[in-house]
Protein chains: 2
Amino acid sequence: MSRTKARVALLQELEAAMRRSSAQGVLYGQTVANVAGIANSDLECMDILYLEGRVTAGRLAEVTGLTTGAITGVIDRLEKAGLVRRERDEKDRRKVFISVVPETAMKIGQLYVPMQQAMEKVFGAYSDEELRLLLRFANEGYKGVLAATEALKSLLDTPPEKRPDLKLKKLRR
Amino acid sequence: MSRTKARVALLQELEAAMRRSSAQGVLYGQTVANVAGIANSDLECMDILYLEGRVTAGRLAEVTGLTTGAITGVIDRLEKAGLVRRERDEKDRRKVFISVVPETAMKIGQLYVPMQQAMEKVFGAYSDEELRLLLRFANEGYKGVLAATEALKSLLDTPPEKRPDLKLKKLRR
DNA sequence: CTAAATCTCTTAGTGGCTAAGATATATATC
DNA sequence: GATATATATCTTAGCCACTAAGAGATTTAG
C-alpha cells in the first residue's frame, strides 16, 4: 500500500471534515431537545428506543453510559411527558421494558424533518452505488468507533503506571 | 430520477447506520471526557480550539450553544487544569482569546489514539478515489446539517399557532 | 431453602447550566 | 469631546440532571 503524501493529507482532511460534521450533528440534537423542551439525555434515550425498539431500563443505562438512577429520572420525565410507557416484563418481573408512545413521540420525530430534508437533498446527488459505499463506510465506521471505545475503556484497567500521565477519574460502568 | 423501492430502502438503512455511528461517536467523546476527568462541554471546547485554533470566549459560546456564563466556567476549569490560556486581545480589550497549551493538551490528544487507529484501519480499505467521495460527502453533510439546524431554530420564530403542537421552551441564543 | 446475583428505584449531595445583571471597553451620535 | 448605546466577558443565585450508595424486589445457583 503506497502511503503517499497526498493520501496522508486526504486522510487528515477527512478526519477534520468528519469531526466538524459530527459536532454539528450533536448541535442539531441539542437544538431538537431544546425545542422539544426535554433534556439531552431524554432525547438520546428516545433515539435509542427508535433504533432498538422496546428495551429495558438497564439497557438504556448501558448504551447511554448513565447510571441506572439517572435512567430512572429520564424515564420518569419521558413518561410524564407521555412519550414512553413502562411495561414490567412478565417473564422476569425485575425488568422494566420501555416503549415509545407513537402518537406523542411523533411530535418529536417531526423535529427531525429539517434534517431529513437536508439529507435527502445531499443524498440525491449520489448514485445507488455511491450510496452503498457510504453505507458500507457507516457500518464499518460504527464498528471501528465501538472497538475504539472499548479500547479506551480498557486503558483504565491497565496498570496505572503504564498509562499516559493524566488525571484519571474512575469510569462509570 | 428513479425512486425505486430499493433506493428508498437503501436511504433508510443509510440513515439508521449514520445515526448509530454518530451516536457511538458521541459515546466515545463522553468516554474521553470521563477518562480525562473533565466535563463534556470542556472537551467539546478543546475540540473546537483544536479545529479553529485561537478563538474568543464568545465564539465558544456561539459554537457550543452555551451561555457566556457557562463558557466562563468552562474556561476557568480548563485553565486551572493547565489545558488552555486566557489572552486579552490588545486591539479590543473586551475580548479574551483562548488558546490551548500544547504540552498539556497533548495528553488529551492521546486519548484519541484508539479512535485514530480504528479509523486508520477502516480507511485503509478504501482507495483514494473512494476517500475523496467520503470527503465530499462529509463536507456536504456538514453543510446540510448546518442548514437543518438553522431551519429548526427558525421554527421558533414562526407564529406559535402554526407550529407543531409541542411544549416549547425559549431557545437560547 | 438459603445465599448470591440481578434489576430497578430511592435518597442525599454535587456540579454545570441558565437567566439576569454587573463590569469594562468600544463605537456612534450630537 | 461628551454622552449614549452596543459589545464582550464575568458574576451571582437558583435549578435540575447526574453520581454514588444502598434499599427493595425478583431470579438463579448451590
Side-chain angles (χ1 to χ4, degrees), chain A residues 26-27 29-31 33-46 54-81 84-99 167-173, chain B residues 26-27 29-31 33-46 54-81 84-99 167-173:
Chain A
V26 172
L27 273 179
Q30 283 178 8
T31 307
N34 220 328
V35 173
I38 63 179
N40 263 308
S41 298
D42 298 12
L43 182 64
E44 190 185 353
C45 286
M46 289 298 291
R54 196 161 162 273
V55 302
T56 65
R59 171 73 183 156
L60 286 179
E62 195 183 323
V63 176
T64 58
L66 296 177
T67 60
T68 59
I71 290 296
T72 298
V74 168
I75 302 172
D76 284 351
R77 290 189 298 271
L78 289 178
E79 197 174 37
K80 196 184 292 183
V84 306
R85 239 192 301 272
R86 275 184 166 92
E87 292 164 5
R88 279 226 108 83
D89 184 2
E90 290 306 321
K91 304 276 182 186
D92 181 345
R93 299 192 42 76
R94 291 168 306 179
K95 292 185 184 170
V96 171
F97 276 102
I98 315 300
S99 60
K167 255 193 221 155
L168 288 169
K169 236 173 90 183
K170 216 188 336 170
L171 183 67
R172 56 198 180 209
R173 295 278 130 203
Chain B
V26 171
L27 272 179
Q30 283 177 6
T31 307
N34 221 326
V35 173
I38 64 180
N40 262 307
S41 298
D42 299 11
L43 181 65
E44 190 185 354
C45 286
M46 289 299 293
R54 193 160 163 274
V55 301
T56 65
R59 171 75 182 153
L60 286 179
E62 195 184 323
V63 177
T64 57
L66 295 179
T67 60
T68 59
I71 290 296
T72 298
V74 168
I75 301 171
D76 284 351
R77 290 189 298 271
L78 289 178
E79 196 173 39
K80 197 184 292 183
V84 306
R85 238 190 303 271
R86 275 183 167 93
E87 291 163 7
R88 278 226 107 82
D89 185 1
E90 290 306 322
K91 302 277 182 187
D92 182 345
R93 299 190 45 76
R94 292 168 304 178
K95 291 184 184 172
V96 172
F97 276 103
I98 315 302
S99 61
K167 254 192 222 159
L168 288 171
K169 235 171 87 180
K170 216 187 338 171
L171 183 65
R172 58 198 178 210
R173 294 279 128 205

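So you know, we letter chains A, B, ... as the sequences are listed, proteins then strands, and number each from 1.
Annotation: side chain of A:V74 is not in contact with side chain of A:L60 (no heavy-atom distance under 4.5 Å).
The shortest distance between the side-chain N/O atoms of A:T56 and the OP1/OP2 oxygens of C:dC7 is not below 4.0 Å. At C:dT8, none of the side-chain N or O atoms of A:R86 fall inside 4.0 Å of OP1 or OP2 (strictly under the cut-off). Here B:T72 does not reach the OP1 or OP2 of D:dT11: none of its side-chain N or O atoms lies under 4.0 Å away.
Residues passing the side-chain contact (heavy atoms from CB on, under 4.5 Å) test with A:L43, sequence neighbours excluded: A:V32, A:A33, A:I38, A:I108, A:Y112. Partners of B:R94 under the side-chain hydrogen bond (donor to acceptor under 3.5 Å, both in side chains) rule, at least two apart in sequence or in another chain, are B:D92. Legend: residues meeting side-chain contact (heavy atoms from CB on, under 4.5 Å) with A:R59, ordered by chain and number and at least two apart, are A:E52, A:V55, A:T56, A:E62, A:V63. Checked against side-chain contact (heavy atoms from CB on, under 4.5 Å), A:S99 has the following partners two or more places apart in sequence or in another chain: A:R54, A:R85, A:E87. Legend: residues meeting side-chain hydrogen bond (donor to acceptor under 3.5 Å, both in side chains) with B:D76, ordered by chain and number and at least two apart, are B:R86.
B:K80 has its NZ atom 12 Å from the C1' atom of C:dG15, to the nearest Å. Atom P of nucleotide C:dC17 and atom CG of B:L60 are separated by 12 Å, given to the nearest angstrom. Rounded to whole angstrom, the span from the CZ atom of B:R77 across to the P atom of C:dT14 amounts to 17 Å. Between B:I71 atom CD1 and D:dT11 atom C1' there is a gap of 15 Å when expressed in whole angstrom units. Between the C1' atom of C:dG16 and the CG atom of B:L43 lies a distance of 15 Å, rounded to the nearest Å. Atom CD1 in B:I38 sits roughly 12 Å away from atom P in C:dC17 (whole-Å rounding). Summarising the geometry, the separation between CG on B:L78 and C1' on C:dG16 is reported as 13 Å, rounded to the nearest angstrom. Summarising the geometry, the separation between CD1 on B:I98 and P on D:dT9 is reported as 8 Å, rounded to the nearest angstrom.
Checked by distance alone, A:T68 brings a side-chain donor or acceptor within 3.5 Å of a matching partner on the base of C:dC9.
Each of A:A39 and B:I75 has a nearest nucleotide on DNA chain D; the 5'-most of these lies closest to B:I75. Comparing A:D76 and B:G73 by the nucleotide of DNA chain C that holds the closest heavy atom to each, the one mapping nearer the 5' end is A:D76.
Listed candidates were D:dT19, D:dC18, D:dT9. Nearest to the side chain of B:K95 is D:dT9. Checking D:dC18, D:dT9, C:dT18 against the side-chain heavy atoms of B:V96 singles out D:dT9 as nearest.
Residue-level contact check: A:A57 touches the backbone only, with heavy atoms under 4.0 Å from sugar-phosphate atoms and none from bases.
For the atom pair OG1 (A:T64) and CG (B:L27), the distance works out to 7.5 Å, reported to the nearest 0.5 Å.
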Collect all protein-nucleotide pairs involving nucleotides 24-28 of chain D in which both atoms are nitrogen or oxygen and the distance is under 3.5 Å.
| from | atom 1 | to | atom 2 | distance (Å) |
| --- | --- | --- | --- | --- |
| D:dT27 | OP1 | A:R93 | N | 3.3 |

